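Some notes on the structure that comes next.
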Amino acid sequence: MIAPHLLRNDLAAVCANLQRRGYSLDTATISALEKRRKEVQSECEKLRAQRNEKSRTIGIAKQNKEDASAMIAEVETINTRLTSADSDLEKIQSEFNALLLEIPNLLHDSVPDGKDESSNVEARRWSEPPQFDFTAQDHVALGEQLQLIDFPLAVKLTSARFVAMHGQIAQLHRALGQFMLNLHISQHGYREVYLPFMANTATLTGTGQLPKFEEDLFYAERDGLYLIPTAEVVVTNIVRDSIVAAEELPLKFVCHTPCFRREAGSYGRDTRGMLRQHQFEKVELVHISAPEDSYTALEELTANAEAVLQALKLPYRTVALCSGDIGFAAAKTYDIEVWLPGQDAYREISSCSNCEDFQARRMQGRMRRSGAKPEYLHTLNGSGIAVGRALIAVMENYQQADGSIVIPEVLRPYMNGAEAIRA
RNA sequence: GGAGAGAUGGCAGAGUGGUCGAAUGCGACGGACUUGAAAUCCGUUAAGGGCUUUACGGCUCUUCAAGGGUUCGAAUCCCUUUCUCUCCGCCA
């Protein structure tokens, strides 16, 4: 949520910033609404102040056993006017609020301009795509030959866009998650958390999935709960409705969860394989930081995610997303793209964002420096990294001519020492 | 799922219709005393919004789990919901 005072006092600047995203703000509606708000709210408060004052006088009169009926009649008149003014104000405020919740975050100055992903700016590149002296296969072909990835089974049990894995691929998948978690805990100073995989409306509103992106979520109607689309939702909401002491910052959390996404509107995209699934696992990194530290934190968080790929020796590049490609809640985002030989392309495997105070404002997440007023926190999140996609990357980058897959060294301890997966 | 008890400030805990945003204690902060500290004493100490001010600030509204109701007036009375605890049932 953008700071309401910016919308009141600096509408033109807000509008210009959002324009960079290709988002046009309805300034006429907003300023008209704001003008009425000011009038009606003043009226309400004036009436209420009068009523409070009169009621107090009535109380005193009654204690002195005096007749207060004239004053009581007066307050009744005030109340009639107040009721109507109040309902006007409520309408205006809920309209304003609904508008506010649907406006994306302001962009950081360093975000490059551009309409779509073609304008993203490469920040760095690590290692080189492997050269094969045979034709590289994708993970679907590799998994089928090994008989360890089973899409028909997932369809039978559930539906399309789900996957079933057997044996050593299932184990490799688990190994990846365990490895990432341990790396972040032991090397990068994160605290592991285990949280619910379902979340309520307030939680999803806090991070910005609701109200605008409800169609992307799985919803359990009987219980009013949503399956989380990312651990970011539950982890970031740890600080919802709380005031964190400045000395405790930054908070750095790592959390391994399944993620559930309906993928509405992406029907034609990435239908082959397990690149885009309704259910996938992810190790998520979250920083809760003081405002002045959040951009340093973004670099750190991104580097922590990159460290996973470096340890796995998977080639990647890091790009700064341009204004048109950046997500709703983020002020700045780096995507990390891993090399996939099966697609002969770099594909997103992590997205690291600084949301500044956008989410903190929605969820009333604040910090306090000693003696000072509470201030909004800055929240950051990033995949560290997507486990399902990491599995694809390992399979495709470590494939051999005979269709076997060498297990990256750092994962072998999690694989009972096995060095390769063969049919 | 059944029965009962609860939800008040950073924490503990009083408050059952009127000057209550709320006693008291703890904690925190400032000051006095002290070489320093402890102890003691004095003082300050909830959040959010609006209007106003160059600024210090001033005025005002809201908030005692949430929503609704009764009333001139609600932390206090009534209804609904949520959550917590205890007992029973079921369950990994």
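All values derive from a computational prediction rather than experimental measurement.
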Under the side-chain contact (heavy atoms from CB on, under 4.5 Å) test, residues paired with [X] that sit two or more places apart:
X	result
A/L275	A/D270, A/L340, A/Q343, A/R347, A/R389, A/I392
A/Q147	none
A/N9	A/H5
A/N64	A/I60, A/E66

Partner of [N] by Watson-Crick or G-U wobble geometry, both contacts under 3.5 Å, or none?
N	result
B/A3	B/U86
B/U54	none
B/G10	B/C26
B/G73	none
B/U62	B/A47
B/C20	none

Between [N] ([atom2]) and [X] ([atom1]): distance, integer Å:
X	N	atom1	atom2	answer
A/I92	B/G49	CD1	P	19 Å
A/Q50	B/C72	CD	C1'	14 Å
A/I72	B/G73	CD1	P	9 Å
A/N9	B/U53	CG	P	13 Å
A/K38	B/C51	NZ	P	5 Å
A/L47	B/U62	CG	C1'	15 Å
A/D223	B/U81	CG	P	16 Å
A/R48	B/C72	CZ	C1'	15 Å

[X] side chain N/O closer than 4.0 Å to the phosphate oxygens (OP1, OP2) of [N]?
X	N	value
A/K373	B/A47	yes
A/N52	B/G73	no
A/R368	B/A47	yes
A/N200	B/C83	no

- Query: Does A/E45 or A/E90 map to a spot on RNA chain B nearer the 5' end, using the closest nucleotide for each?
  - Reply: A/E45

side-chain hydrogen bond (donor to acceptor under 3.5 Å, both in side chains) involving [X] - partner list, sequence neighbours excluded:
X	value
A/T207	A/Q209
A/Y226	A/E214
A/R261	none
A/Q137	A/Q145

- Begin from the C-alpha positions of A/H287 and A/Y190 and carry the test ring-ring contact (aromatic ring centres under 6.0 Å, His included) through to its verdict. CA-CA 9 Å; A/H287 284 224; A/Y190 288 81; 5.4 Å; yes

- For the pair A/E39 and A/R36, find out whether any cationic side-chain nitrogen is under 4.0 Å from an anionic carboxylate oxygen. no

Using the [atom1] atom on both, measure [N] against [M] and round to a whole Å.
N	M	atom1	answer
B/A23	B/U40	C1'	24 Å
B/C11	B/U19	P	25 Å
B/C90	B/G21	C1'	46 Å
B/G10	B/A47	C1'	12 Å
B/G13	B/C79	C1'	28 Å

- Any chance the rings of A/F260 and A/F197 have centres within less than 6.0 Å? no

- Query: Taking only residues at least two apart or on different chains, which pairs with a member in residues 370-386 of chain A satisfy salt bridge (Lys or Arg N to Asp or Glu O under 4.0 Å)?
  - Reply: A/R369-A/E375

- Task: Taking only heavy atoms on the protein side, list every residue of residues 237-251 of chain A lying under 4.0 Å from any atom of RNA chain B, sorted numerically.
- Result: none

- Going by heavy atoms closer than 4.0 Å, what residues in residues 356-365 of chain A are next to RNA chain B? none

- Query: Is there a donor and acceptor pair closer than 3.5 Å between the side chain of A/Q93 and the base of B/G50?
  - Reply: no

- Is the backbone of A/K332 close enough, under 3.5 Å, to the side chain of A/N354 for a donor and an acceptor to pair up by distance? no

- In terms of the angle between their ring planes, are A/H278 and A/F162 parallel, tilted or perpendicular, with boundaries placed at 30° and 60°? tilted

Among [options], the one nearest [X] by side-chain distance:
X	options	answer
A/R366	B/C61, B/G73, B/G48	B/G48
A/R8	B/G49, B/U60, B/C72	B/G49
A/A49	B/A47, B/U60, B/C72	B/U60

Any protein N or O atoms within reach of nucleotides 18-21 of chain B? Criterion: under 3.5 Å, listing atom names and distances.
from: B/G18; atom 1: N2; to: A/S55; atom 2: O; distance (Å): 2.8

